[in-house]
Amino acid sequence: MPLINRNFVDPSDFTLDELKHVVNLGLKMYDNPMKYADTCKGKILGTLFYEPSTRTRLSFESAMLRLGGTILGFSDANTTSAKKGESIADTVRVLDDYADILVMRHPREGAPKLASQYSSVPLVNAGDGGHQHPTQTLTDLTTIQYYKGAVKNLKVAFCGDLLFGRTVHSLLKTLSRFPNIEFTLISPPELRIPNHLKIDIASNFNVKILETESLEGCISTLDVLYMTRIQKERFFNEEEYLKLRDVYILDQNKLTHAKDDLLIMHPLPRVNEISYDVDNDPRSKYFDQAKLGVYARMALISLLLGVCE
Ligand code: NCD
């Protein structure tokens with residue numbers, strides 16, 4: 001698979017076979033991590049985080065360390081020359097000499113795409129504004145593959161903030177490329193998925209999309225339920241956020257109507273949308289999902305650096 005030296009800014013940068021290849025390698029690494037413990041020896045991963053992150057940054061760092069490589073980077077752009085007005089292009093032109101692969105998160109949509117045009121090493125988008133989150137999509141595909149055996153023939157629901165949730169945008173569009181996936185989009189009218197995305201999916205992929213406001217009304221039909229946080233930081237006013245904040249709360253009561261093998265996912269962080277009593281339900285896999293994210297990122301790093309096939 002010729003992934004060496006490629007960027008991963010949008011999931012559509014990779015073909016379906018390339019995405020599956022990353023997922024399968026990640027699962028091999030999960031089964032036998034010691035086999036890969038030295039594959040990135042001598043390589044450096046640079047993390048450029050202009051926006052808060054816990055899992056994405058630390059799972060990338062954990063991934064590189066587990067591969068025997070080293071890491072450098074920043075998690076607060078206020079401590080960097082961005083504060084003095086340095087452009088992304090200039091920062092990247094320098095940091096691509098300091099690291100062999102760069103991972104960037106930025107509040108502005110398109111910033112990692114721009115950065116990739118100036119980087120001489122592979123650049124990975126770790127989330128750009130409300131736009132895309134391609135490595136969360138790899139994590140999510142890996143989780144579905146692991147728990148459902150294959151990414152096909154599934155009824156998948158996304159619930160919550162479908163307007164601003166970048167994990168939803170990336171995964172929804174990517175899943176549309178897999179065989180026979182039906183979607184239920186559960187949101188209040190104010191937080192429906194962006195129209196351009198719906199049109200894009202409907203015109204390019206032959207998929208069924210049902211939109212509803214009711215989680216209770218459809219939960220019994222689902223194979224995968226992807227819960228999301230209401231994206232407070234992307235709202236224009238606090239009042240609107242407060243109105244919508246607790247619109248969906250998954251609890252044991254709602255789950256009594258769900259299938260026994262429902263897969264409950266969440267990219268995390270959780271705020272109020274999954275009640276704590278759901279954590280012990282065997283169908284809840286969001287913490288396992290975060291764990292699998294390390295291995296999905298190990299696979300991605302290894303393939304972009306060309307140290308694994
Ligand atoms: C998500 C993100 O940053 O978009 N978190 C993550 O990377 N796992 C989801 C979120 O912040 O709600």
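Remember, it's 1-based here, ligands and their atoms both numbered in the order they're listed. All values below were derived from every heavy atom in this structure, side-chain atoms included, with hydrogens, water molecules and symmetry-related copies excluded.
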Show every donor-acceptor pair shorter than 3.5 Å between a side-chain atom in residues 191-208 and any protein atom, with sequence neighbours excluded, or say none if there are none.
from, atom 1, to, atom 2, distance (Å)
K198, NZ, E211, OE1, 2.7
D200, OD1, N204, ND2, 2.6
D200, OD2, K173, NZ, 3.0
S203, OG, I199, O, 2.8
S203, OG, D200, O, 3.3
N204, ND2, D200, O, 3.0

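- Counted by atom type alone, Q132 and N125 present zero donor-acceptor pairs between their side chains at under 3.5 Å.
- Taking the six-membered ring where the residue is Trp, Y50 and H106 present tilted rings, their angle falling between 30° and 60°.
- S62 and R66 share a donor-acceptor pair across their side chains, judged by distance under 3.5 Å alone.
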Only pairs under 3.5 Å count here: list side-chain donor-acceptor contacts from residues 134-141, not counting sequence neighbours, and write none if there are none.
from, atom 1, to, atom 2, distance (Å)
T135, OG1, R297, NE, 3.3
T135, OG1, R297, NH2, 3.0
Q136, NE2, D140, OD1, 2.9
T137, OG1, L171, N, 3.4
T139, OG1, T135, O, 2.9
D140, OD1, Q289, NE2, 2.8
D140, OD2, Y226, OH, 2.7

Distance-only donor-acceptor pairs under 3.5 Å for side chains of residues 147-158, two or more places apart:
from, atom 1, to, atom 2, distance (Å)
K148, NZ, D261, O, 2.5
N153, OD1, N180, ND2, 3.0

For a distance cut-off of 3.5 Å, show me each N or O of ligand 1 paired with any protein N or O, plus the separation.
from, atom 1, to, atom 2, distance (Å)
ligand 1, 3 (O), R105, NH1, 3.4
ligand 1, 3 (O), R105, NH2, 3.2
ligand 1, 3 (O), R166, NH2, 2.9
ligand 1, 4 (O), R166, NE, 2.8
ligand 1, 5 (N), L268, O, 3.0
ligand 1, 7 (O), T56, OG1, 2.8
ligand 1, 7 (O), R105, NH2, 3.2
ligand 1, 7 (O), H133, NE2, 2.7
ligand 1, 8 (N), Q136, OE1, 3.1
ligand 1, 8 (N), P267, O, 2.9
ligand 1, 8 (N), L268, O, 3.0
ligand 1, 11 (O), R229, NE, 3.4
ligand 1, 11 (O), R229, NH2, 2.8
ligand 1, 12 (O), R229, NE, 2.8
ligand 1, 12 (O), R229, NH2, 3.2
ligand 1, 12 (O), Q231, NE2, 2.8

